[in-house]
Visitor: 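Sharing a structure below in structure tokens format, with a few things to ask.
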Protein chains: 2
Amino acid sequence: MGERHAFDSDQRTAWRAYVRGSALLREALNRDIEAQSGMSLNEYEVLERLAEAPGGSVRMAALADGLVHSRSRLTHTVHRMESRGLVERRACEADGRGVYCVITPLGEETYDAAEPGHAASVQAYVLDRLTPDELDVLGRVMGRIAADLSGEGTPRAGYLAERVG
Amino acid sequence: MGERHAFDSDQRTAWRAYVRGSALLREALNRDIEAQSGMSLNEYEVLERLAEAPGGSVRMAALADGLVHSRSRLTHTVHRMESRGLVERRACEADGRGVYCVITPLGEETYDAAEPGHAASVQAYVLDRLTPDELDVLGRVMGRIAADLSGEGTPRAGYLAERVG
DNA sequence: AAATATCAACTGAAGGTTCAACTGAACTGT
DNA sequence: ACAGTTCAGTTGAACCTTCAGTTGATATTT
């Protein structure tokens, strides 16, 4: 006994810091954006994707994948945003099954109003606190994790055996 | 025009990688733990805190703060876990307002069964992918962010002006 | 060309989270 | 001791997400 935990102490400390820090960070960003614009961070992120896309328009599936949301979740979120006039749905000419989510003028306005505040929060909570080297490492490391995890779409049960066991 | 974004390109790239990576990571860990133990990552984290605490017992408020959950959310979560026999509530002698959340034998059993799988996921998705130096930087950086953000409890509107403006 | 499988998206119900309001306990100042 | 305030936790309704199942469109196979 005594050996209660799987990782060594340094790994454990770092991992705990990550879990807590990432939770606090998302909470703080969400709090700020709701206070300033009355919209949630999730909704902001939808608008951000659309605002950056050519034509302000992205296919539902691409949006869901980009945001790491389920299709169903995105459908509901977009429905609510649509009813508030922030986005619109448009049929996809090329693929009869497809639907474009398109940002409206009101959506752009709302995004433009929220963006500086959100950027200031990210700056204050993250960018100002890190040296350029640290930011570089953080970006590389999280990018690598993201790349490894992208495209692992809902695998069948037991897949872990292939990766881990 | 042209100057659409607040941060420079490197900062932007790193931040985007962080946002996407952290979302994918939490999703993957949640998926694994649900597949293996039928409980959510949130519930696992509650059991983890309790299992590590002396007496398997933690005050509700401390648990909520530690997990970065609202009090209300924790109340509901603990209620559901209680009804499945994983935890119990006990009155706090010292403070008449206080309530202890205590892990049950079944809770410990459930935690012990889930812990190796979760550790394997963390190992596979994170620890195995990072050099010791990278892990060190990740831990330091996220620990710093967490420390800065801890104790910023729901501040009044306009507080950002103090920090950012 | 028909049958089958797969895919994009939607739907409604169930489950989880948030929000505002509430209870009762503990401080604070008078 | 009293009134007012703050604190710990709960409650229920509103809101959001998940899950399983459905629809209609595209691929694939024969």
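Only heavy atoms go into these numbers, but all of them, side chains included; no hydrogens, no water, no symmetry mates. The sequence lines fix the lettering, A, B, ..., with proteins before strands; numbering per chain opens at 1.
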Visitor: Within this structure, what is the CE-to-P distance between B:Met81 and C:dT17, rounded to whole angstrom?
Guide: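 After rounding, the reported distance stands at 11 Å.
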
Visitor: Using atom types as modelled and distance alone, determine if a side-chain donor or acceptor of A:Ser22 lies under 3.5 Å from a backbone N or O of A:Val19.
Guide: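 Yes, because the side chain of A:Ser22 sits within donor-acceptor range (under 3.5 Å) of the backbone of A:Val19.
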
Visitor: Testing B:Arg89, B:Glu93, B:Glu88 for side chain to side chain contact (heavy atoms under 4.5 Å, CB included) with B:Tyr100, which one passes?
Guide: B:Glu93

Visitor: Specify the separation, in whole Å, of atom CE of B:Met39 and atom P of C:dG15.
Guide: 19 Å

Visitor: In terms of the angle between their ring planes, are B:Tyr44 and B:His118 parallel, tilted or perpendicular, with boundaries placed at 30° and 60°?
Guide: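 Judged by the thresholds at 30° and 60°, the geometry between B:Tyr44 and B:His118 is tilted.
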
Visitor: Hey, are A:Ser121 and A:Arg31 close enough side-chain-wise for a donor-acceptor pair under 3.5 Å?
Guide: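 No, because no side-chain N or O of A:Arg31 sits under 3.5 Å from a partner of the opposite role on A:Ser121.
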
Visitor: Quick one: is C:dT17 close enough that its OP1 or OP2 comes under 4.0 Å of any side-chain N or O from B:Thr77?
Guide: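 Checking B:Thr77 against C:dT17: at least one side-chain N or O falls below 4.0 Å of OP1 or OP2.
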
Visitor: Taking OP1 and OP2 of D:dC15, is either one under 4.0 Å from a side-chain nitrogen or oxygen of A:Arg80?
Guide: no

Visitor: Looking at A:Gly117 and A:Gln36, what are the two nearest heavy atoms and their distance?
Guide: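 Where A:Gly117 meets A:Gln36 most closely, the heavy atoms are CA-OE1, 3.3 Å.
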
Visitor: Minimum heavy-atom separation for B:Arg20 and A:Gly66, please, with both atom names.
Guide: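 Heavy atoms of B:Arg20 and A:Gly66 come nearest at NH1-O, 3.2 Å.
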
Visitor: Nearest whole angstrom, please: distance from the C1' of C:dA26 to the CZ of B:Arg59.
Guide: 11 Å

Visitor: D:dT17 P sits how many Å from B:Glu27 CD, rounded?
Guide: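 In whole Å, D:dT17 P lies 14 Å from B:Glu27 CD.
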
Visitor: Each nucleotide in nucleotides 18-25 of chain D should get exactly one letter: B, S or -. Can you fill that in based on protein heavy atoms under 4.0 Å?
Guide: BB----BB

Visitor: In whole Å, what is the span from the CZ atom of B:Arg84 to the C1' atom of C:dG16?
Guide: 12 Å

Visitor: Under 4.0 Å from OP1 or OP2 of C:dT17: is there any side-chain N or O of B:Asn42 that close?
Guide: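 Indeed, a polar side-chain atom of B:Asn42 lies that close.
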
Visitor: Measure from CG on B:Asn30 to P on D:dT17 and round the result to the nearest Å.
Guide: 14 Å

Visitor: Atom CE of B:Met60 and atom P of D:dC7: how far apart are they, to the nearest Å?
Guide: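 Distance, rounded to whole Å: 18 Å.
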
Visitor: With the threshold set at 4.0 Å, does a side-chain nitrogen-carboxylate oxygen contact exist between B:Arg73 and A:Glu27?
Guide: no

Visitor: Output the rounded distance in Å from CG (A:Leu41) to P (D:dC16).
Guide: 14 Å

